[in-house]
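Structure first, then comments.
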Amino acid sequence: MRITFRRFPDFANSYSLIERDDGVVYAMKEFTRPGTPMPHDLRHFVTERELGIGDGIWGGIAAGMVYGSMTHVRGRRPPRAPERPDQLKRTHRQRLMRAELLAGLIEAVARLDDPSEDGIRRLTRARLAAVTVAEPGQGPAVVAAVPSPGALARAARAMQVEAARWARLRPGQELVYEWPRPSGGRGGRSVPPQRAPERRHVV
């Protein structure tokens, strides 16, 4: 799956373009406030890529989840397409909440001048306090596992790098990323996606 984040002028309606592996293309509306370091959904992408989260926001979209902010652009959607996203949302609600909280945690760590392990642990306890430790029919390890302070620090550095890349873009320029198919044939986590080079052309 390919995701394109285009830099729009401030206060313009913005969106990311999602090209799924099945050929269906969506535009996902952004709700990022002007002046923030990077688009809200790019923040999620970096977090899930760096922490190897295959069942968060972007893994869910790759699996067929469609949010209300997504508009179908082209490509034939599979039969019963409206029902499957709702089913996925019900199944993965706690996982999605965890991904949302982790993105906020990584952003908070990235704002620290010199994050220590103790400081990261304190932020983790505060930011992840609302995470449910288990889902119906699943063991507590499914959602309770928390990345180590070292992994969170590395993800925060990646967040800083991507925010800097975004800040260099002029309106009309883009950053393009790839989210690969899940490894293995039975669901499992997807391999962490790789970053594609930024496009610097102006459209």
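None of these values were measured; they are calculated from a predicted model.
Under a 4.0 Å N-O distance rule, the pair E50/R154 does not qualify as a salt bridge. Between E162 and R157 there is no salt bridge, since no side-chain N of the basic residue sits under 4.0 Å from a carboxylate O of the acidic one.
Judged purely by atom type and a 3.5 angstrom limit, E48 has no side-chain atom pairing as donor or acceptor with the backbone of F45. The closest donor-acceptor contact from the side chain of H72 to the backbone of R74 lies under 3.5 Å.
Counting only heavy atoms from C-beta outward, the side chains of M159 and M38 approach each other to under 4.5 Å. In this structure, P147 and T124 have side chains that are not in contact, with every pair of non-hydrogen atoms separated by 4.5 Å or more. Between E19 and T4, the closest side-chain pair of non-hydrogen atoms falls below 4.5 Å. At least one side-chain heavy atom of E107 sits under 4.5 Å from a side-chain heavy atom of R43. Side-chain contact between W58 and R49 is absent, with no heavy-atom pair separated by less than 4.5 Å. With contacts defined as side-chain heavy-atom distances shorter than 4.5 Å, the pair E30/H40 qualifies. Side-chain contact check for H44 versus I57: some heavy-atom pair is nearer than 4.5 Å.
Taking all atoms of both residues into account, the shortest heavy-atom contact from A99 to G56 is CB-CA, 3.9 Å. Minimum heavy-atom separation, W179 to A62: CD1-CB, 3.9 Å. Considering all non-hydrogen atoms of both residues, T47 and A103 come closest at OG1-CA, 3.5 Å. The two atoms that bring V109 and P115 nearest to each other are CG1-CB, 4.2 Å, heavy atoms only. Across all non-hydrogen atoms, the minimal contact from R76 to V24 is O-CG2, 3.3 Å. In terms of heavy atoms, I120 sits closest to P149 at CD1-O, 3.6 Å.
In this structure, CZ on R2 lies 14.0 Å from OG on S16, to the nearest 0.5 angstrom. Remark: E117 CD to L152 CG distance equals 10.5 Å, nearest 0.5 Å. With rounding to the nearest 0.5 angstrom, the CG atom of L123 is 9.5 Å from the CG atom of L128. Residue S69 holds its OG atom at 6.5 Å from CG of D41, rounded to the nearest 0.5 Å. With rounding to the nearest 0.5 angstrom, the OG atom of S116 is 9.0 Å from the CZ atom of R121.
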>> What verdict does the side chain to side chain contact (heavy atoms under 4.5 Å, CB included) test give for R7 and E174, after you've listed the backbone C-alpha separation in whole Å, the side-chain angles of each residue and the deciding distance to 0.1 Å?
In response: CA-CA 6 Å; R7 186 71 186 247; E174 302 169 341; over 6 Å; no
> Taking it one step at a time, do Y26 and R20 satisfy side chain to side chain contact (heavy atoms under 4.5 Å, CB included)?
Replying inline: CA-CA 8 Å; Y26 288 92; R20 286 194 331 209; 3.7 Å; yes
>> With side chain to side chain contact (heavy atoms under 4.5 Å, CB included) as the criterion, how do I18 and M28 come out once you've worked through the C-alpha distance, each side chain's angles and the decisive distance to 0.1 Å?
In response: CA-CA 7 Å; I18 302 165; M28 184 158 69; 3.8 Å; yes
>> What verdict does the side chain to side chain contact (heavy atoms under 4.5 Å, CB included) test give for L102 and I53, after you've listed the backbone C-alpha separation in whole Å, the side-chain angles of each residue and the deciding distance to 0.1 Å?
In response: CA-CA 10 Å; L102 281 171; I53 299 171; 3.6 Å; yes
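The hydrophobic clustering, which links ILVMFWY residues whose side-chain heavy atoms are closer than 4.5 Å, places L17 and V46 apart. One hydrophobic cluster, built from ILVMFWY side chains closer than 4.5 Å, holds both L105 and L112. Under a hydrophobic-cluster definition in which Ile, Leu, Val, Met, Phe, Trp and Tyr are linked whenever side-chain heavy atoms come within less than 4.5 Å, directly or via other members, Y67 and I3 are assigned to the same cluster.
Side-chain rings of F8 and Y15 approach one another, their centers coming within less than 6.0 Å. No close placement of the W166 and F5 rings is indicated, their centers lying 6.0 Å or farther apart.
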